[in-house]
Enquirer: 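Next up is a structure, given as structure tokens.
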Amino acid sequence: MADQIQEGSIHFPFPYTPYSIQKDFMAELYRVLEAGKIGIFESPTGTGKSLSLICGALSWLRDFERKKQQEEARLLDTGIAPSNHLEEPPPHMSTSQEVPDTSKPAGEPDWIAQFVQKKEEKDKIDRLRDEQVRRKKREGHLQQIRHNAHLKYAAKRMRQEEEEMERLLRLSKEMLAAAGSGQPEEELGREEDLVLAEYDSDEEKKTVSGVLEEDDEDLEEEHVTKIYYCSRTHSQLMQFVHEVQKSPFGKETRLITLGSRQNLCVNEEVKRLGSVHLINDRCLEMQKNKHGTYQSCEAISGEDLRSTSRSSIEESALLFFKLGYPLLFLPLLPFLSFPCSEKKNKEEEKAKKRKTETRTSCPFYNYEQMQFLGDEVLVEVKDIEQLVALGKEARACPYYGSRFAVPSAQLVVLPYQMLLHAATRHAAGIKLQGQVVIIDEAHNLIDSITSIHSAEVSGSQLCQAHSQLSQYMERYRKLLKAKNLMYIKQILYLLEKFVTVLGGNVKQNPNTQNLFQTGTELKTINDFLFQSQIDNINLFKVQRYFEKSMVSRKLFGFTKEYGGVSILPPSKEQSKLTGFQHFLQSLKPGTGAAPSSSSGEDESQPPWLGSPLMQIESFLAALTTANQDGRVIVSRQGSLSQSSLRFLLLNPSVHFAQVVKECRAMIIAGGTMQPVADFREQLLQCAGIGTERVVEFSCGHVIPPDNILPIVLCSGPSNQQLEFIYQKRELPQMMDEIGRILCNLCNVVPGGVVCFFPSYEYLYKVQAHWEQSGLLTRLAVKKKIFQEPNRANQVEQVLTEYSKCIKRCSQVKGVMTGALLLSVVGGKMSEGINFSDDLGRCVVMVGMPYPNIKSLELQEKMAYLDQTLPNSPGKSLIENLCMKAVNQSIGRAIRHQQDFASILLLDQRYSRPSILAKLPSWIRDQVEIKATFGPAFAALRKFHREKSGPS
């Protein structure tokens, strides 16, 4: 039974009696949304953050819609519209910024001003009425779907009939194939798929289709006020949707989950491609086929029969039924001949000139069924798995069907990579104007934005792309239009110049090219363009050509089709392509120009996952960034194949600002947001967001204060001072001291101990030293030792074995048993893994995981911040990055209200006030600083004895 929680005049439905911190969280969240501000919210894991976000945000949306409808009803009753209704600027914008001065021009008669004012009021009243009609129609439609089962049954019958038609047409097609080989036509179809279509420049496109594009925008459905909820992974989004289902809003909220094609595609043929790039490109290709022009209904006999597309057979099938033939005779359709229309003679004349289409379209890309899916998914809250299952049942594409539901949805759930990338955002139909954005798990938001908009290409990829594109151009030179050839030559020129900058030659094998000059250089974008001698090329037009022509996909299809088999009769051109095949084979690391293996295994696995031009396309797009916001890193490493060009985004706010300025309000939330200075400076301040619009909220933990014991330890059992700076940490006495501390801890801590090291390299060195000194054997007597694996696919197995070991934890002849997990800060187990209860009774942090100060990227980032913002924030960047990693790691242990754990910070530098201030408040308030090991060990023993009971 949901409780109605009231904070002031606000009612928050909640599934159970909330914690006091949840009440405070929801109330502050409501105020931020109402005021149109940006909130940075911190709520530790285990405090019900997701449920607080759901109930707080949806309560605001409920009240907002209610007040809006009441105001509309009042205005329609009185017939008077306010001057700024529906055009009201977001609360964070001043009226002077958005509302133009409507005072009449000097000398204008009063009657003209009154007429204009009355007309504006009438137009606004009309818009209110239209909006009310649309809302009632939308609500009535969803209500009908919710309560009218006949619609579902009718749709199911339609799908069954379509499936039967598909089966019979497939049988007809098989009989058609048996009548003739059809091989030449299939080859012709493949060739047509690989050739680039005629390309129109930006200017021509505007004159030809500008009106059409404008009309398309007018046809788009108006979006209701909604909340966009973003998180990092699909699993986190699924957990959130499950929380919505369990909440008091689960029955009434119109929710849609957006995802990638890789997660939502239900076409098994496409999903088998595996690679995200290949799935995307194949999907777009099949859409194009769906809307393409197919051979119309003609007399089907003889040689014409063999060149008939599936679409032609479908059209003939419809006529077949209209003529009254029984369904039983449909398989005989390919062998029948009948007239099509009055224009038969004209069509027959055109048929001789028309090329045959052999491409296939996706059976799930059906407008009516996707529209049905979009409506159906809004009736009841569904997660990604349920959406996919519904798509399979309805034979409708969930990827596109979900986009049909976006305008009418109240809550849109999506990965924040989709929201933060402008092109992806627009493609998904996301409109942020006047909407609310919630970004959860936002502790690595800055890194995510930087990663999304950065790109790297290697010397091998550049050479491979140049060779593939050259061969492609040579083969189809006579079929390509002038503009296609012009752009392809520009791309080849760019690739050649990029290789030259690295010190190589594009026409030679990159694996055998040793570079005379090695090292790493960091350049501004403009300097890189000048050095590469490509400053005279318009990269914006090249980028648009990539997007519109899909040349990367065409090139991949070409290399996949002809990369390893003979494609031409013996000729001069054939010899060129044979060399091309050997060259591609030689580009595989560790191989020479040897012929490919004839084994079936090798033939089934292509030597590449996608065209290298796809990665180069991302790099070229990054080069269109403003000069001050990015840098290019030229890395020359011995051979050309190992060298690379990398674009580094310095200013993530340039992309984040677009989102912030459009939306009404934004919530940036996470379990551990400290230190928040990075968010304020690198995202909000750089984006021009004033401090008056930013609100920070941090709540404590739900656990009692005595359920956590954080200790800063300044020296070890042998009085060795603990300061793991780079110059000292590899000393034998320092590594021995870590082992002694862990040996003592394992004597008093039950269950699992998780120890985090600053890097994999240091972990391996310490472990090797312990093995040599015998400390590893002594530790293994106390607890079974596990180590974080190198490969991500082994993490689950290690965690399972670690968990089983701890569950068997018991007293054996007075010796404490359990497990010790050696992990790495920022590794696979420092984030997203829950060490709740006995899995993590103690978390140990060895040293401070500062990033590499000598890194060119980090130095340039610091310099950029110092030049851009006051108070030299670059100096604190390293410390903030370190503490953000520490906070993520030590927060793994406490996961719910009854949990308890100790936290041991092994480094005297943690005792500094500036460092302590960057710990989460619920940890910082309980920290004890111990100068020596004795008092720290006594406190740990007492804590675990009291919490676990007498041993």
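Below, each value reflects all heavy atoms present in this structure, side chains not excepted, and no hydrogens, waters or symmetry copies. All values derive from a computational prediction rather than experimental measurement.
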Enquirer: State whether the side chain of Gln369 and the backbone N or O of Asn366 hold a donor-acceptor pair below 3.5 Å, judged by distance alone.
Expert: no

Enquirer: Applying side chain to side chain contact (heavy atoms under 4.5 Å, CB included), can you list everything that pairs with Gln262, at least two apart in sequence or on another chain?
Expert: Ser260, Val276, Ile279

Enquirer: Could I get the full list of ring-ring contact (aromatic ring centres under 6.0 Å, His included) partners for Tyr19, not counting sequence neighbours?
Expert: none

Enquirer: Hey, does Pro44 have a side-chain heavy atom less than 4.5 Å from the side chain of Thr672?
Expert: no

Enquirer: Of all the heavy-atom pairs spanning Leu29 and Ser52, show the shortest one and how long it is.
Expert: CD2-O, 4.0 Å

Enquirer: When you check the gap from the basic side-chain N to the acidic O, do Glu696 and Arg680 get nearer than 4.0 Å?
Expert: yes

Enquirer: Is there a salt bridge (charged side-chain N to carboxylate O under 4.0 Å, His left out) between Glu269 and Arg282? Walk through the geometry before answering.
Expert: CA-CA 10 Å; Glu269 175 196 342; Arg282 180 59 177 154; 3.2 Å; yes

Enquirer: Side chains of Cys699 and Ser921: closer than 4.5 Å at any heavy-atom pair?
Expert: no

Enquirer: Could you give me the CA-CA distance, side-chain angles and deciding distance for Ile227 and Val437, then say whether side chain to side chain contact (heavy atoms under 4.5 Å, CB included) is met?
Expert: CA-CA 6 Å; Ile227 296 167; Val437 173; over 6 Å; no

Enquirer: Can you list the residues that meet the side chain to side chain donor-acceptor pair (under 3.5 Å) rule with Gln239, with sequence neighbours excluded?
Expert: none

Enquirer: Using the test ring-ring contact (aromatic ring centres under 6.0 Å, His included), find all partners of Phe679 that sit at least two apart in sequence or belong to another chain.
Expert: none

Enquirer: Applying side chain to side chain contact (heavy atoms under 4.5 Å, CB included) between Tyr228 and each of Val659, Leu432, Leu411, Val436, report the one that passes.
Expert: Leu432

Enquirer: Test of understanding: with side chain to side chain donor-acceptor pair (under 3.5 Å), list the residues that count as partners of Glu441, not counting sequence neighbours.
Expert: none

Enquirer: Holding to ring-ring contact (aromatic ring centres under 6.0 Å, His included), I want the full list of residues that pass it with His421, two or more places apart in sequence or in another chain.
Expert: His453

Enquirer: Hey, do the aromatic rings of Phe12 and Phe25 have their centres closer than 6.0 Å?
Expert: no

Enquirer: Tell me the closest heavy-atom pair linking Pro407 and Phe404, and the distance in Å.
Expert: CD-O, 3.5 Å

Enquirer: Sequence neighbours excluded, which residues qualify as side chain to side chain donor-acceptor pair (under 3.5 Å) partners of Ser43?
Expert: Thr47

Enquirer: Let's go through Glu376 and Gln371 carefully: what are the C-alpha distance in whole Å and the side-chain angles of both, what is the deciding distance for side-chain hydrogen bond (donor to acceptor under 3.5 Å, both in side chains) to 0.1 Å, and is it a yes or a no?
Expert: CA-CA 9 Å; Glu376 181 70 19; Gln371 188 74 51; over 6 Å; no

Enquirer: Would a 4.5 Å heavy-atom cut-off, applied to side chains only, mark Cys283 and Cys265 as touching?
Expert: no

Enquirer: Lys226 side chain to Val224 main-chain N or O, any donor-acceptor pair under 3.5 Å?
Expert: yes

Enquirer: For residues Glu65 and Thr225, determine if any side-chain heavy atom of one lies less than 4.5 Å from a side-chain heavy atom of the other.
Expert: yes

Enquirer: On a heavy-atom basis, which atom in Gly36 and which in Ala665 lie closest, and how many Å separate them?
Expert: CA-CB, 3.9 Å

Enquirer: With sequence neighbours excluded, give me every ring-ring contact (aromatic ring centres under 6.0 Å, His included) pair touching residues 245-269.
Expert: none

Enquirer: Going by the angle between their ring planes, with limits at 30° and 60°, are Phe14 and Tyr16 parallel, tilted or perpendicular?
Expert: perpendicular

Enquirer: Between Arg62 and Glu252, is the closest basic N to carboxylate O distance under 4.0 Å?
Expert: no

Enquirer: CD of Glu547: more than 12 outside heavy atoms within 6.0 angstrom?
Expert: yes

Enquirer: Would you say the side chain of Val241 lies within less than 4.5 Å of the side chain of Val381, judging by non-hydrogen atoms?
Expert: yes

Enquirer: Taking all atoms of both residues into account, what is the closest heavy-atom pair of His443 and Lys884, and its distance?
Expert: O-CD, 3.4 Å

Enquirer: List the atom of Ser408, the atom of Leu378, and the distance in Å for their closest heavy-atom pair.
Expert: CB-CD1, 3.8 Å

Enquirer: Can you name the closest pair of heavy atoms from Ala57 and Ile438 and give their distance?
Expert: CB-CD1, 3.8 Å

Enquirer: Between Leu684 and Ser653, is there a side-chain heavy-atom distance shorter than 4.5 Å?
Expert: no

Enquirer: Not counting sequence neighbours, list each pair that qualifies as a salt bridge (charged side-chain N to carboxylate O under 4.0 Å, His left out) and has a residue in residues 399-428.
Expert: none

Enquirer: Side chains of Tyr365 and Asn267: is there a donor and an acceptor less than 3.5 Å apart?
Expert: no

Enquirer: Suppose the criterion is salt bridge (charged side-chain N to carboxylate O under 4.0 Å, His left out): which pairs have a residue in residues 234-243, not counting sequence neighbours?
Expert: Glu243-Lys246

Enquirer: Which residues satisfy the side chain to side chain donor-acceptor pair (under 3.5 Å) test with Tyr229, sequence neighbours excluded?
Expert: Asp440

Enquirer: Answer yes or no: is there a side-chain heavy-atom contact under 4.5 Å between Phe656 and Ile439?
Expert: yes

Enquirer: In the structure I gave you, are the side-chain heavy atoms of Asp678 and Leu683 within less than 4.5 Å of one another anywhere?
Expert: no

Enquirer: Return the set of residues passing side chain to side chain contact (heavy atoms under 4.5 Å, CB included) with Ser448 (not counting sequence neighbours), or none when no residue passes.
Expert: Tyr416, Asn444

Enquirer: Is a salt bridge present between Glu28 and Arg31, judged by a nitrogen-to-oxygen distance below 4.0 Å?
Expert: yes

